[in-house]
Undergrad: 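Quick one: this structure, given as C-alpha cells, is what I'll be asking you about.
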There are 2 protein chains.
Amino acid sequence: MDTTQRTEQQRSADRRRRELLEAADRVVLRDGPQASMNAIAAEAGITKPILYRHFGDKGGLYAALAKRHTDALLDSLRAALDAPAERRERVEATLDTYLAAIEARPQVYRFLMHPAEGGTAAEQGFDVGKHSAPLLRRMGEELAQVIEDRLDLGPESQRLARVWGHGIVGMMHAAGDWWLGERPCSRAELVRSLADLLWGRLAAAGDRIGGPGF
Amino acid sequence: MDTTQRTEQQRSADRRRRELLEAADRVVLRDGPQASMNAIAAEAGITKPILYRHFGDKGGLYAALAKRHTDALLDSLRAALDAPAERRERVEATLDTYLAAIEARPQVYRFLMHPAEGGTAAEQGFDVGKHSAPLLRRMGEELAQVIEDRLDLGPESQRLARVWGHGIVGMMHAAGDWWLGERPCSRAELVRSLADLLWGRLAAAGDRIGGPGF
DNA sequence: CAAATGTGTTACTAGCGGTAACACGAGTCT
DNA sequence: AGACTCGTGTTACCGCTAGTAACACATTTG
C-alpha cells in the first residue's frame, strides 16, 4: 500500500508506455494505417504480449496514439482560432494550419481518420467508450464551441454552431484529402478558395449563360 | 465460337453475378462493413472460391457493390441538382436527397465510406480502389462539374469549382455522419442550417459581446 | 527470505483474405 | 458415340492477422 512503491513502478511503466508509443509512431509513419501489432512490437524491440498488457487491444493503442496527435493538432488549431485578427484571417489561418499538418505527415492523419475497423466482431456488440470517430468529431465539437462562443447567431445559435462546426471540419477534411492526392494547386490557393466558399461566394455568384432556367 | 453460346453462358454468368451481389447486399445490410467473404458466400449458399472467380478479390466485390449504390445515389442527386428551381432550393433539395439516403440505409453508406479495412498485405500491392472513398470522390467531381457548368466564377472558375465540389460534399458527409449518430435535430433543420452556412451566414454573423478582440 | 509485480519470452488459438487441386454437368466438335 | 471445353462447385490448404495462455527472470517491498 506504500505510495512510494506505486509511484516508482508506475513511473517506470509510464516511461515504457511512452517509448512504445514512439515506436508505434515510427511504424505508422513508415507503414501507414496497416501497421500490424507485430511490426510495432518488432520496432520497439519486444514482442506482442507486452503491447497488449500496456494498451489492452489494438483499439487501445490506436486511441493512445491518436490522442497524442489530436491533442497536438487541436492545440495548433486553437491557437489559430484565437489569434487577434479579423475573422476571415482567423479562418484562413485555421484552414492553413490543418492543411499544413496533413501535408507534413499524411500517413499519420490518414491513420487517424479511419476509425477502429476491428477484425473480430467484438466491436459491434457493445462499444461503451470507443465508438467515437475521434479526430473529426473532436475537431467538429471544438469548432462548434468556438463558433457558439464568439458569434451571435440568434435563437438557434446552439444548433447552428454544432452543425457548422461539423460541416466546416468535414469540408476542410474532404478538400484536404482530395488536395493531398491530386495536388491541383498550392496550399494558399486552396485556403483562399475554401474561405471564399465559406464567405458566401457560392450564393453571390452569377449564373452562366443558359443557366438554371433550363 | 457461336455467338448464341457465348451470350447464353454470359447471360447465365451475369444472372449469377447479380444474385451474388444481392446476397452480398443483404449481408452488408445485416453485418455492416465487417462482412466477411465467408459470410457472404454462406448467405449466397455457396463457398468462397466462387466469389473470387466472379469478383477477383474483396476489392472487386466491394467495387461492384459500391457501383450499384453510388450510381443510384448519384442519379438521385443529379435529379435534385437539375431541378428547375432557384439555386437555394436546388441546394437544399440535393442536401436533403443525400441525407434521406443515408438515413434510409445507414449501414450501406457506412460500408461505402469506410472501405479500406486493412486485411492482409496483398491489398497494399495493387490498389485498384484503395482510395479512401470512391463515393466521396465521385460525388465531389460530379458536383464540381455542375458548379463549373452553371456558375460564373471568373478566371479561376475551374479550380474554384473543384475545390468547392469536394468541400461541399465533405461538409455534407461529415455533418450527415454526425447527425446520424446523434440525431440532434430534424433532417429539415439540418438541411436549412447547412444551406445557411453555404449562403454566407458565417461571414455575415455579428460578433458576440466581448468578441474577437479578446 | 519470501511475496508480489512488472518485463519479457515461446507457443498457441481462431479467423481472415486468397488460392490450388480436384470433381461434376452441360453443351460442342469431329 | 467419344473427346474436349467451360462454367460451377467443392475440400483443403497457405500466410497472415489480432489476441491469449503459460512460463521465466529481475527487482522492489514486507
Side-chain angles (χ1 to χ4, degrees), chain A residues 1-20 23-24 27 31-63 116-125 130, chain B residues 1-20 23-24 27 31-63 65 115-130:
Chain A
M1 282 276 189
D2 256 314
T3 54
T4 55
Q5 170 193 356
R6 261 179 83 191
T7 50
E8 191 171 333
Q9 295 195 336
Q10 190 170 355
R11 201 182 281 175
S12 167
D14 282 4
R15 221 184 56 197
R16 280 285 185 273
R17 193 186 156 95
R18 238 171 289 151
E19 290 172 8
L20 298 184
V27 176
D31 296 353
Q34 291 89 8
S36 78
M37 295 296 266
N38 252 327
I40 294 173
E43 170 71 28
I46 53 162
T47 50
K48 274 192 302 178
I50 307 178
L51 284 181
Y52 285 95
R53 281 223 258 275
H54 274 275
F55 302 104
D57 61 354
K58 194 175 189 175
L61 173 58
Y62 161 76
E117 321 234 355
T120 39
E123 185 184 0
Q124 202 169 353
K130 52 171 56 177
Chain B
M1 281 284 188
D2 258 314
T3 54
T4 56
Q5 173 195 354
R6 258 180 85 192
T7 51
E8 192 173 332
Q9 294 194 339
Q10 191 171 354
R11 202 181 282 174
S12 167
D14 282 4
R15 223 183 56 198
R16 281 282 185 278
R17 194 188 156 94
R18 237 171 291 149
E19 290 173 9
L20 298 183
V27 176
D31 295 354
Q34 290 89 9
S36 79
M37 294 299 264
N38 252 327
I40 293 173
E43 169 71 28
I46 52 162
T47 50
K48 274 192 300 177
I50 307 179
L51 284 181
Y52 284 95
R53 279 223 257 276
H54 274 275
F55 302 104
D57 60 355
K58 192 174 191 177
L61 174 58
Y62 160 76
L65 198 53
E117 315 253 354
T120 32
E123 189 180 358
Q124 207 170 350
F126 54 167
D127 44 331
V128 180
K130 116 190 176 189

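Note: hydrogens, waters and symmetry copies are ignored here, and every other heavy atom, side chains too, is used. Order of the sequence lines fixes the chain letters, A, B, ..., with proteins taken first and strands second; residue numbering starts at 1 for each chain.
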Undergrad: Expressed as a whole number of angstroms, how long is the span from B/L61:CG to C/dG18:C1'?
TA: 14 Å

Undergrad: Out of D/dG19, D/dT8, C/dT19, which has the shortest distance to the side chain of B/R16?
TA: D/dT8

Undergrad: Nearest 0.5 Å, what's the CD1-CD distance between B/I46 and B/E19?
TA: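 Atom-to-atom, B/I46:CD1 and B/E19:CD are 9.5 Å apart.
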
Undergrad: Could you state the CZ-P distance from B/R17 to D/dG9, rounded to the nearest angstrom?
TA: 15 Å

Undergrad: How long is the gap from OG1 on B/T47 to OH on B/Y52, to the nearest 0.5 Å?
TA: 11.5 Å

Undergrad: About how many Å separate NZ of A/K58 and OG of A/S36, when rounded to the nearest 0.5 Å?
TA: 7.0 Å

Undergrad: Where the side chain of A/K58 is concerned, which of D/dT8, C/dC16, D/dA18 is the nearest nucleotide?
TA: D/dA18

Undergrad: Expressed in angstrom and rounded to an integer, what is the separation of A/N38 atom CG from D/dT20 atom P?
TA: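 After rounding, the reported distance stands at 15 Å.
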
Undergrad: On a heavy-atom basis, which atom in A/V27 and which in A/A39 lie closest, and how many Å separate them?
TA: CG2-O, 3.9 Å

Undergrad: Between D/dG9 atom C1' and B/L20 atom CG, what is the distance in whole Å?
TA: 12 Å

Undergrad: What nucleotide among D/dA18, D/dT8, C/dT19 has an atom nearest to a side-chain atom of A/M37?
TA: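 My answer, after comparing the listed nucleotides, is D/dA18.
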
Undergrad: Measure CG/A/D57 against P/D/dT17 and give the value in whole Å, please.
TA: 17 Å

Undergrad: Taking atom CD1 of B/I50 and atom CG of B/L20, what is their separation to the nearest 0.5 Å?
TA: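 If I round to the nearest 0.5 Å, the distance is 7.5 Å.
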
Undergrad: Roughly, in whole Å, what's the span from CG in A/L51 to C1' in C/dT7?
TA: 13 Å

Undergrad: Show me the protein contacts with nucleotides 9-13 of chain C, counting only N or O atoms at under 3.5 Å.
TA:
{"unit_1": "C/dT9", "atom_1": "OP2", "unit_2": "A/T47", "atom_2": "N", "d": "2.9"}
{"unit_1": "C/dT9", "atom_1": "OP2", "unit_2": "A/T47", "atom_2": "OG1", "d": "2.4"}

Undergrad: Is any side-chain N or O of A/H54 closer than 4.0 Å to OP1 or OP2 of C/dT7?
TA: yes

Undergrad: Before you tell me yes or no, could you show the steps for A/H54 and A/L61 under side-chain contact (heavy atoms from CB on, under 4.5 Å), namely the whole-Å CA-CA distance, both residues' side-chain angles and the distance that decides it to 0.1 Å?
TA: CA-CA 8 Å; A/H54 274 275; A/L61 173 58; over 6 Å; no

Undergrad: For A/Q34 and D/dA18, what is the distance between atoms CD and P respectively, to the nearest whole Å?
TA: 11 Å

Undergrad: Whole-Å distance between D/dG19 P and A/I40 CD1?
TA: 11 Å

Undergrad: Okay, side chain of A/D57, backbone of A/G60: is any donor-acceptor separation there less than 3.5 Å?
TA: yes

